[in-house]
Structure formats: C-alpha cells, structure tokens
Amino acid sequence: MLTAAICVGLTVSLTACGDDPDQGTNGVQELPPAKIEKKARTAVEDAESVRLSGTIVAKGHTYRLEMRLKDTGAVGEVATKGGETFSLLRVDEDLYLKAGAAFWVDQEKGGKGEPSEADLAAAQKLEGKYVKVPDGDAAYDQLSGFTQMDVLLEGLLVLDGERTTGDRLEVAGTRAVQVLAGGGSGGSIAVSLEGTPYPLRLKRAGGAGTVELDEWNQGFAIHAPKDGNVVDYGKKISASTDDA
C-alpha cells in the first residue's frame with residue numbers, strides 16, 4: 001500500500017514504478033506508417049547536411065561509404081569489395097579523387113596484364129595526391145553520385161511494398177521507430193523519435209545495403225585542395241571498379 005501511494009504521488013516521469021516509453025518523443029509513433037515516412041522524407045528535404053556511413057550495392061557492385069554531405073559539397077571515403085579505397089572531395093561542382101598507388105596502377109594498365117615500370121612510376125607520383133575529375137569524364141557522373149546529398153538520399157529512400165509500423169529500437173543511442181515495406185523485404189527506415197524525425201538507419205530492399213545517418217544539420221567546413229596537392233591525371237579516369 002505504501003509503495004502504491006508513493007507511485008501515485010510522484011510527479012517525476014521516470015521512477016522505479018515504471019518508465020513511460022513515449023516520454024520526450026516527438027510523437028510520430030502515433031502516426032500511420034505512411035505519415036511517419038512522409039515526415040522523415042520532409043525532414044531530409046529540409047536538411048542542410050548529414051553524415052552517412054554504411055554499405056550499398058549498386059549495379060552488382062558493393063561499396064562501403066563514409067561520407068559527410070551537404071548541398072555545396074562533400075568529403076569522405078569509398079571502399080570497394082575488392083579492397084580499393086579512395087577519397088572523394090566535392091566543392092560546388094569541382095570533384096577531386098585521391099587514392100593510393102594500387103588504384104592508379106590499375107588505371108595505368110587499364111586492366112591488361114602486369115603493369116609496366118612506367119605504369120608503376122606514374123602511379124607513385126599520383127599516390128596521395130588529389131586528381132580533379134573532368135566533368136566531361138564518364139567517371140564524373142558515377143563518382144559525383146556519392147557526393148550529392150539530395151541524389152544519394154533520394155536513391156536510398158526507396159521502399160517497395162505496403163507500409164507497416166515495425167518495432168522500436170535505438171540507433172546510436174537515439175530512440176527510433178521502424179517503417180517497414182513489404183514486411184521488411186521491401187526495405188525499412190528507422191525514424192528518430194527524438195527531435196526532428198530524421199531517418200537514422202536505412203535498409204534497402206533485397207539486401208542491397210544498410211546505411212546509418214547522423215550529425216544532421218551539424219555542418220562542416222570544406223575547401224578545395226591547395227594547388228600543390230592537385231595533379232593532372234591527363235587521361236580518362238575509369239570509375240568502373242569492376243572488382244567491387
């Protein structure tokens with residue numbers, strides 16, 4: 001009886017008498033799943049920057065992304081399943097690529113046989129340097145897709161199937177609720193229950209990758225590399241990374 005009286009009398013929201021799972025949430029868990037998804041999409045459209053990390057599968061290739069993105073540019077790393085890792089930097093419309101010697105060796109030999117001494121020497125000169133990707137190069141369209149916030153998120157926020165509300169969970173310590181498509185087989189979005197309902201985790205349909213999103217609207221500085229750290233590759237850059 002005494003315990004019950006204490007529980008009734010307490011005004012503190014979280015006590016030993018039991019926690020309220022909805023306290024401090026933004027309330028989207030009360031909405032139909034389609035409206036939760038809509039609110040998440042609206043939050044994305046209004047956002048100015050985000051950090052994205054995870055794996056995506058595109059055209060049969062697997063990529064591991066660690067990117068910071070905003071409207072005016074992006075910076076980060078992309079790794080392929082084949083082991084190649086390269087850095088991308090976009091400042092407005094200018095796109096720069098930085099990679100190790102092994103990446104440039106593959107570029108030099110063009111996928112044909114063993115690299116020559118000249119190929120190895122050229123690759124060593126490019127290692128750790130930024131190469132500006134010409135906007136007329138086919139590689140520009142593919143690589144810039146990793147750096148364009150709107151394009152990348154729009155491509156990831158694709159669900160296929162009837163929407164249902166899934167379980168609640170925590171993503172990096174933030175409470176979230178899932179929106180499932182096709183019972184989860186058509187992809188899912190974990191939407192934040194704290195503050196703005198940003199998507200915190202995206203699972204693509206058919207096992208085509210999972211990414212986590214955080215640092216929404218925290219912003220970051222970005223600058224073009226100094227001239228002394230930029231070299232001209234002088235030929236077409238291949239963006240196929242066919243070993244992905």
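- Contact of the D214 side chain with the V171 side chain is not registered, since no non-hydrogen atoms from C-beta on lie closer than 4.5 Å.
- Applying the 6.0 Å contact sphere to CG of D160 captures no more than 12 heavy atoms from other residues, nucleotides or ligands.
- Side-chain atoms of N217 come within 3.5 Å of backbone N or O of E48 as a donor-acceptor pair.
- Between the CD atom in E37 and the OG atom in S188 there is a gap of 11.0 Å [rounded to 0.5 Å].
- Linking ILVMFWY residues whenever their side-chain heavy atoms come closer than 4.5 Å, directly or via other members, places M67 and L202 in the same cluster.
- The shortest distance between side-chain heavy atoms of L65 and V211 does not fall below 4.5 Å.
- Residues L95 and F146 fail the side-chain proximity criterion, which asks for heavy atoms closer than 4.5 Å.
- L169 and L200 fall within a single hydrophobic cluster, where Ile, Leu, Val, Met, Phe, Trp and Tyr are joined by side-chain heavy atoms under 4.5 Å apart, directly or via other members.
- Side chains of T210 and T55 form no contact here, defined as non-hydrogen atoms less than 4.5 Å apart.
- For E194 (side chain) and R175 (main-chain N/O), a donor-acceptor pair under 3.5 Å exists by modelled atom type.
- By the 4.5 Å heavy-atom criterion applied to side chains, D92 and T72 are counted as neighbours.
- In this structure, CG in L88 is found 9.5 Å from CD in E77, a value given to the nearest 0.5 Å.
- Judged purely by atom type and a 3.5 angstrom limit, S144 uses its side chain to pair as donor or acceptor with the backbone of Y140.
- Listed for the N26 side chain is a donor-acceptor partner under 3.5 Å among the backbone atoms of S192.
- With S49 contributing its side chain and G219 its backbone, the two residues share a donor-acceptor pair below 3.5 Å.
- Linking ILVMFWY side-chain heavy atoms closer than 4.5 Å, directly or via other members, places V230 and I222 in a single hydrophobic cluster.
- In this structure, E154 places its CD atom where only 12 or fewer heavy-atom neighbours from other residues, nucleotides or ligands lie under 6.0 Å away.
- Side-chain heavy atoms closer than 4.5 Å link hydrophobic residues (I, L, V, M, F, W, Y) into clusters, and following such links, even through other members, never connects L126 to L89.
- How far NZ of K203 is from CG of L156: 14.5 Å, rounded to the nearest 0.5 Å.
- Counting non-hydrogen atoms of other residues, nucleotides and ligands closer than 6.0 Å to NZ of K70 gives a total above 12.
- Looking at E45 and R41, no side-chain N of the basic residue comes within less than 4.0 Å of a carboxylate O on the acidic one, giving no salt bridge.
- The shortest side-chain heavy-atom distance between L31 and K39 falls under the 4.5 Å cut-off.
- The side-chain heavy atoms of P199 and V44, taken from C-beta on, include a pair separated by under 4.5 Å.
- Considering CD of E170 and CG of L193, their distance stands at 10.0 Å, rounded to 0.5 Å.
- Hydrophobic clustering, with ILVMFWY side chains joined whenever heavy atoms are under 4.5 angstrom apart, keeps V75 apart from L52.
- Aromatic ring orientation, Y198 versus W216: parallel (interplanar angle below 30°, classes split at 30° and 60°).
- Heavy atoms from other residues, nucleotides or ligands lying under 6.0 Å from CD of E30 number more than 12.
- For the pair T80/Y63, a side-chain contact is recorded, criterion being any heavy-atom separation below 4.5 Å from C-beta on.
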Fill in: Verdict with supporting geometry, R201 and E212, salt bridge (Lys or Arg N to Asp or Glu O under 4.0 Å)
CA-CA 4 Å; R201 179 181 292 153; E212 293 195 1; 2.8 Å; yes
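- Listed for the R51 side chain is no donor-acceptor partner under 3.5 Å among the backbone atoms of Q218.
- Taking CD of Q178 as the reference point, atom CZ of R163 lies at 14.0 Å (rounded to 0.5 Å).
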